[in-house]
Amino acid sequence: MAGTGEPQIIAGADGVTPAVLAAMAAMPDRRLHAILSALVRHLHAFAREVRLTEAEWEAGVECLNRIGRTTDDRHNEGVLMSDVLGLSTLVCLLNNGDAGATETAAALLGPFWRDGAPRVANGGSLLRSPTPGPALFVRGRVTGPDGAPIGEARVDVWQSSPVGLYENQDPDQADMNLRGILTTDADGRFAFRSVRPAGYPVPTHGPAGDVLRAQGRHPYRPAHLHVLCAKPGWKTLVSQVFDPHDPYLASDAVFGVTAALIGDFVEHGPGEAPPEPDIAAPWYSLDHTFVMEPGESRLPRPPIA
Ligand code: BEZ
Ligand code: FE
C-alpha cells in the first residue's frame, strides 16, 4: 500500500485520488492529515465536477503564482482573494459566536491591519496628519457575554479616511494616521476622536480584481471602523462596525456585514453642541459595545508590515 513504501502504479483517473490519499495516510500530524486529505478530496472532486481542462488548470496555477507576485509588505493579495471569495467571513463565523450564527461581534480582519500602532489615551485623537472631513467621536465598551465590563483590554482601531484610503495607500497621510491602540478603563470603556470613514473599493490591480470583474461584481466596501480587542483569558475579538447609511451596506464586496455589526452612527447638526469646540457641523458620533468570549488571546499575523 502507498504510504507504507509499496510502489503505486496509477490505473487511470479513478485511481489518482485513492493513491494520493494512501500516500499521506501515515502522516504523524493528524490534524494536518485531516486538512490535507480533505483538500485533496475536494480539489479532485472540483476538477471532476467542472471537467477541468489543461488550459484552465494552467490559468489556475498562474492565478496562484500572481497572488504571490502581487503580495509584498504593503499589500496582501492572498488575504484579499480569500476575502472576495467569502472564505474569510466563513472561517470567521465558523470560529466565533454560535458556531456559524451571526450573533457574534467578530468580523474578518481584512488586509490592512498593522501591528504596532501608536498608543492613544482615552479621549485622544487618531489623527496624525491633517485629515479633512467630518469629525467622528467614538465611545466604545468591551464586555463579556454576561455584560460585565472587561477593563485593561487592548483596543486596536484602524479605519479609512473620508476619501476612502488607508494611510498605507495614501501618500497624503502620515504613517499610522487613523490607527491607534487604546486601553479600556475599569468599566470597560474607551473613547477617541477621529474623522468619519468613507466606503472604498478594495484593491483591484491583482487577481482578486480579475475575479470581481469576471463575476460582474463591484469592488466596494461600506464605510466601517475596524476594532481588535485583546486581553489574556479572552478570545481575541476582531470586529468591524458599519455605517448603516452607506449605499453598499447590503452588497459588501467581501461579505463582511452581519446584523450585529451595523453601528449607531449618528449625524449631529448645527443645533447640537459638539463635544469639542473646534468642531463644525455636521459631526458624527458612534456608541458601540463589543462582546468578547472567554478563550485564547492571540494576535493575528499582520497581513502587512
Ligand atoms: C478592510 O476592511 O480593510 C478590507 C477587508 C477586505 C478586503 C479589503 C479591505
Ligand atoms: Fe476596512
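Just so you know, these numbers use all the heavy atoms, side chains as well, and skip hydrogens, waters and symmetry mates. Ligands are counted one by one from 1 in listed order, and the atoms in each one are counted from 1 as well.
Residue W158 has no nitrogen or oxygen atom sitting less than 3.5 Å from a nitrogen or oxygen atom of ligand 1, judged on distance alone. The shortest N or O to N or O distance between Q240 and ligand 1 is not under 3.5 Å. On a distance-only criterion, H224 and ligand 1 share at least one N/O pair closer than 3.5 Å.
Of all atoms in ligand 1, numbered sequentially from 1 with element shown, those under 4.0 Å from a heavy atom of P111 are 4 (C), 5 (C), 6 (C), 7 (C), 8 (C), 9 (C). For ligand 1, the atoms closer than 4.0 angstrom to any heavy atom of V202 are 7 (C), 8 (C). Near H226, meaning under 4.0 Å from one of its heavy atoms, ligand 1 places the atoms 1 (C), 2 (O), 3 (O).
Counting only N and O atoms by type, the side chains of S194 and Q159 include a donor and acceptor under 3.5 Å apart.
Between R66 and E77, no side-chain nitrogen of the basic residue sits less than 4.0 Å from a carboxylate oxygen of the acidic one, so the salt-bridge criterion is not met. A salt bridge does not link D210 with R217: none of the charged nitrogens is closer than 4.0 Å to a carboxylate oxygen.
Distances from the Fe ion (ligand 2) show that S160 has no N/O/S atom below 2.8 Å. For the Fe ion (ligand 2), the set of nearby N, O or S atoms under 2.8 Å includes none belonging to Q159.
Only side-chain heavy atoms of L80 come within less than 4.0 Å of ligand 1; its backbone N, CA, C and O stay farther off.
Among all protein heavy atoms, the one lying closest to atom 3 (O) of ligand 1 is Y200 OH, 2.8 Å.
Ring-plane geometry between W158 and W113 is classed as tilted, the angle between the planes lying from 30 to 60 degrees on a 0 to 90 degree scale.
If you put the vertex on the Fe ion (ligand 2), OH of Y200 and OH of Y166 sit 100° apart, to the nearest 10°.
Checked against the 6.0 Å centroid criterion, the rings of Y248 and H218 qualify as a close aromatic pair.
A side-chain donor-acceptor contact under 3.5 Å links T184 to the backbone of A153.
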